[in-house]
Structures are given as C-alpha cells and as structure tokens.
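I have placed the structure first, in the form of structure tokens, so that the comments after it can refer back to it.
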Amino acid sequence: MRTEHQSEVSAIIVTYNPDVAALAKLLNAIGPQVADVIVVDNGSKTDLNQWLANQPIEVKFVPLGTNCGIAKAQNVGIDQARTRGSNFILLLDQDSVPAPNMVAILLSAAKAQIAEGIKLGCVGPRYEDSRQNNPPPFVKIEGLRLQRQTCASANSVVDVDYLIASGCLIPMTTIDDVGDMKEELFIDYVDIEWGLRAQQKGYRSFGVCAAQMQHDLGDNPVKFRGRYIPVHSPLRHYYHFRNAVWLYRQSWLRTNWKVVDAARLARKFVFYSLFTAPRLEHAWMMTTGVFHGLIGRMGKRPGNG
C-alpha cells in the first residue's frame with residue numbers, strides 16, 4: 001500500500017535486453033513504493049511490451065525502437081513523469097533491487113534537507129554489490145584528495161559530489177533548473193556530469209545510509225590486492241574514457257576535480273591494459289575514447305554501442 005508521500009514519486013527504469021527474471025524482481029520490489037513505474041526501452045530484441053502486460057505491476061512502457069543511450073532514455077522517462085505531475089523521479093537500472101522501504105527513507109531524507117533550506121540535488125541509497133564484501137563508499141573530492149564517505153552509523157546522511165544513477169531520487173524542480181541528462185554522452189559519466197553540474201549551480205547531493213539497494217557494478221569484478229575492481233567490456237571502457245576526457249574539457253568543472261579524477265583515470269588505463277583480458281582491445285578502445293573525447297566526437301560509437 002502506497003503512502004501519501006510515495007504517491008509523489010515516479011520510478012524510471014531504463015532497459016536494454018534485460019534478464020526478465022531480474023527485471024521482474026525489480027518491478028515487484030519497486031511497484032508498491034511509487035505512484036508510477038515508467039519503463040523506457042532502448043531497442044531490446046525481446047518483446048517487452050507483451051511481457052510487461054502480463055506482470056502484476058502496472059507499467060507505462062515507452063519503446064524507443066533503437067539504442068539511444070541511457071541519457072536519452074532517462075530524459076524520455078523524465079518527460080513522462082513531468083506530464084504526470086510527479087514531484088520526484090527515481091532512476092533505476094534494470095538489474096537493481098531496492099529494499100522495501102528504500103523510497104520512503106529517501107523521500108524523508110530529501111524533504112528533511114529541503115526543510116533546512118538546502119538546495120537539494122539528489123539523494124541516493126547505500127548500494128551493495130552482491131559479489132563484493134563491502135558496500136561501495138560514497139565519494140567526495142576535497143582539495144586534491146578523494147574522500148571515501150563511509151557510513152559512520154546506520155542513519156548517517158553523507159555529503160557527496162554525485163550519486164550513481166540507479167536509486168537516485170531527484171526533485172523535479174531541480175531537474176527543471178539544472179537541466180536534463182547530457183544525451184551526447186550516451187552512456188557512462190551521465191550521472192557524474194549531471195551531479196557535478198548541479199553542484200556547480202549550488203545544489204548538494206547526499207548518500208542516505210539507511211536506504212539500501214542491491215546493485216552490481218560492471219561485469220565480473222577482478223580481485224586485485226584484496227579489492228574487487230569493477231570491470232566493463234572494452235566498448236564500455238571506450239565510453240568511460242571518452243566521456244571523462246570530454247568532462248575535463250568543460251570550463252565550469254572545478255580544477256581540483258579534474259586533476260583527481262584524471263589521476264584515477266590514468267590508473268584505470270594501466271590496470272585495464274595490463275590485467276583485464278582482452279588487454280590489447282581494452283587498451284585500444286580506451287585510447288580511442290581519449291582521442292574522441294579530446295576532439296569532441298560524441299554520441300553513439302558508429303557500428304556498435
């Protein structure tokens with residue numbers, strides 16, 4: 001049963017050739033927590049329309065017909081939520097599973113920040129990758145150091161630079177002011193760019209430790225020096241490196257953020273080139289991504305993606 005607060009929220013799920021069993025699990029978890037569930041499909045090969053019609057959760061289905069990228073799909077979903085009069089939107093990946101009380105906790109935290117007069121960018125849950133031992137920390141760059149904002153207590157609310165898109169609750173008024181997701185990024189750094197753009201306009205974002213969600217980052221992670229490192233395909237690494245370099249070229253982004261993130265990007269280049277098969281393909285795609293980021297060749301990579 002939905003509460004009055006939860007009726008303000010539209011959930012936006014972006015799909016692309018989803019595992020329907022995992023998607024069903026997500027729908028069953030999020031359906032009771034929100035007023036609307038909007039599924040925007042990026043050209044999946046299976047007929048999701050018929051499959052969704054047979055699910056117990058009522059869904060607004062928007063097929064794009066082709067893979068337009070996650071940013072475009074999110075913007076389409078946001079427009080749908082706006083026409084429905086939603087005060088908040090909740091972004092979700094197709095393989096995430098929110099806890100039963102996640103939306104209520106996020107919404108309460110969001111309204112508490114707004115009541116204190118804070119310009120709220122977004123709030124997001126503490127997410128756990130089932131393949132790793134510890135929940136990934138929230139991130140904030142201060143000076144020339146990346147600060148990992150771990151949860152001091154179960155009810156901590158921590159200040160962050162940005163949040164991953166999945167599980168992110170955003171006031172519609174913030175989107176109206178900050179603007180939509182950058183569609184030319186296609187995939188990767190979409191959430192980072194939006195969060196930093198919001199921060200540049202005076203908005204603050206927060207990780208809410210009491211809100212929890214299952215979410216796997218990357219494909220099979222690689223264990224290195226006691227840590228599990230998320231690994232994506234060479235194509236995803238192309239987008240990751242291209243979009244990072246593109247972001248560094250934006251005049252509004254603060255210099256210390258560029259320096260710290262670029263140092264991390266350089267370490268990723270070395271790691272994925274040396275320790276992730278197929279090494280040469282990873283190295284080539286990352287190098288191509290850097291070049292395209294420098295010359296501003298954006299959008300979907302021709303021939304794939």
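In this structure, NE2 on H240 lies 10.0 Å from CE on M286, to the nearest 0.5 angstrom. Rounding to the nearest 0.5 Å gives a distance of 7.5 Å between CZ of R301 and CG of L235. Atom CD in E128 sits 5.0 Å away from atom CD in Q214 (nearest 0.5 Å). Annotation: the span from C68 atom SG to N42 atom CG amounts to 5.5 Å, rounded to 0.5 Å. Atom CD1 of I170 and atom OG of S86 lie 12.5 Å apart (nearest 0.5 Å). Annotation: the span from H282 atom NE2 to H232 atom NE2 amounts to 11.0 Å, rounded to 0.5 Å.
F138 and Y162 fall into different hydrophobic clusters, where Ile, Leu, Val, Met, Phe, Trp and Tyr side chains are chained together by heavy-atom contacts under 4.5 Å. By the criterion of side-chain heavy atoms lying less than 4.5 angstrom apart, applied directly or through intervening Ile, Leu, Val, Met, Phe, Trp or Tyr residues, V190 is not grouped with V160; the two fall into different hydrophobic clusters. Taking hydrophobic clusters as Ile, Leu, Val, Met, Phe, Trp and Tyr residues chained together by side-chain heavy-atom distances below 4.5 Å, I187 shares a cluster with Y272. Criterion: ILVMFWY side-chain heavy atoms under 4.5 Å apart, direct or through other members. Under it, M285 and F291 are not part of a common hydrophobic cluster. Cluster membership for L274 and F241, using ILVMFWY side-chain heavy atoms within less than 4.5 angstrom, is shared.
A pairwise comparison of heavy atoms in L163 and D191 identifies O-CB, 3.5 Å as the closest pair. A pairwise comparison of heavy atoms in A211 and L106 identifies CB-CD2, 3.7 Å as the closest pair. Heavy atoms only, all atoms of each residue included: G31 and I57 are closest at CA-CG2, 3.9 Å. The two residues L26 and Q94 come nearest to each other via the heavy atoms CD2-O, 3.8 Å. For the pair G293 and V245, the tightest heavy-atom approach, listed with the atom from each and the gap, is C-CG1, 3.7 Å. Contact record, D261 with Y189: OD2-OH, 2.6 Å, taken as the closest heavy-atom pair.
Taking the side chain as every heavy atom from C-beta outward, F206 and I118 approach each other to under 4.5 Å. Side-chain atoms of Y238 and H292, non-hydrogen and from C-beta on, do get closer than 4.5 Å to each other. Contact annotation: the side chain of W194 approaches that of C122 to within less than 4.5 Å [non-hydrogen atoms, C-beta and beyond]. Side chains of V40 and L64 form a contact here, defined as non-hydrogen atoms less than 4.5 Å apart. With a 4.5 Å cut-off on side-chain heavy atoms, L144 and V259 count as touching. Contact of the M298 side chain with the L185 side chain is registered, since non-hydrogen atoms from C-beta on lie closer than 4.5 Å. Looking at heavy atoms from C-beta onward, D95 lies out of side-chain contact with D19 at the 4.5 angstrom threshold. In this structure, the side chains of S205 and Q199 stay at 4.5 Å or more apart for every pair of heavy atoms.
When each of L91, I38, V37 is checked for a side-chain contact (heavy atoms from CB on, under 4.5 Å) with I13, only V37 meets the rule.
Atom CH2 of W51 is surrounded by more than 12 heavy atoms from other residues, nucleotides or ligands within 6.0 Å. The neighbour count for K258 NZ, taken as heavy atoms of other residues, nucleotides or ligands under 6.0 Å away, is above 12. Shown here is R236, whose CZ atom has more than 12 heavy atoms of other residues, nucleotides or ligands within 6.0 Å. Heavy atoms of other residues, nucleotides or ligands lying less than 6.0 angstrom from NZ of K268 number more than 12. Counting heavy atoms of neighbouring residues, nucleotides and ligands inside a 6.0 Å radius, atom CD of Q200 exceeds 12 of them.
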| query | Should E184 and R297 be marked as a salt bridge (charged side-chain N to carboxylate O under 4.0 Å, His left out) after you check the CA-CA gap, both sets of side-chain angles, and the distance that decides it? | reply | CA-CA 9 Å; E184 59 265 42; R297 184 177 295 178; over 6 Å; no
| field | Residue pair K60, D36: steps toward the salt bridge (charged side-chain N to carboxylate O under 4.0 Å, His left out) verdict | value | CA-CA 8 Å; K60 168 65 176 177; D36 299 290; over 6 Å; no
| message | Between D41 and V62, is the side chain to side chain contact (heavy atoms under 4.5 Å, CB included) condition met? List the steps. | response | CA-CA 6 Å; D41 184 65; V62 185; over 6 Å; no
| Please walk me through it: do I141 and Q147 pass side chain to side chain contact (heavy atoms under 4.5 Å, CB included)? | CA-CA 6 Å; I141 289 177; Q147 305 288 347; over 6 Å; no
| Yes or no on side chain to side chain contact (heavy atoms under 4.5 Å, CB included) for D159 and R204, after CA distance, side-chain angles and deciding distance? | CA-CA 7 Å; D159 209 335; R204 293 173 64 191; 2.8 Å; yes
| said: Could you go through M172 and F88, starting from their C-alpha distance and side-chain angles, then the distance that decides it, and tell me whether this counts as side chain to side chain contact (heavy atoms under 4.5 Å, CB included)? | reply: CA-CA 5 Å; M172 188 66 79; F88 294 84; over 6 Å; no
| Run the side chain to side chain donor-acceptor pair (under 3.5 Å) check on T15 and S44 step by step: do they pass? | CA-CA 7 Å; T15 55; S44 293; 4.5 Å; no
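Proximity of a side-chain donor or acceptor of N54 to a complementary backbone N or O of Q50 within less than 3.5 Å is detected. One N or O on the side chain of Q33 and one on the backbone of A99 form a donor-acceptor pair closer than 3.5 Å. The backbone N or O of M181 sits nowhere less than 3.5 Å from a side-chain atom of Q74 that would complete a donor-acceptor pair. Formation of a donor-acceptor pair under 3.5 Å by the N87 side chain with backbone atoms of E8 is not found in this model. In this structure, the side chain of Q80 does not engage the main chain of V76 through any donor-acceptor pair within 3.5 Å. Of the possible polar contacts, none joining the S273 side chain to the V270 backbone as a donor-acceptor pair under 3.5 Å is found. A donor-acceptor pair is defined here as one N or O able to donate and one able to accept, closer than 3.5 Å; no such pair exists between the side chain of S166 and the backbone of L92. Between the side chain of S10 and the main chain of I89, no donor-acceptor pair closer than 3.5 Å is present.
E193 and N243 form no side-chain donor-acceptor contact under 3.5 Å, judged by distance and modelled atom types alone.
Taking the charged nitrogens against the carboxylate oxygens, D188 and R242 have no contact shorter than 4.0 Å, which rules out a salt bridge. With respect to D161 and R254, a salt bridge is recorded, a charged nitrogen being found less than 4.0 Å from a carboxylate O.
Taken as a pair, C209 and C151 meet the criterion of an SG-SG distance shorter than 2.5 angstrom.
Taking the ring axis of F186 as reference, the NZ or CZ atom of K300 does not stay both within 45° of it and closer than 6.0 Å to the ring centre.
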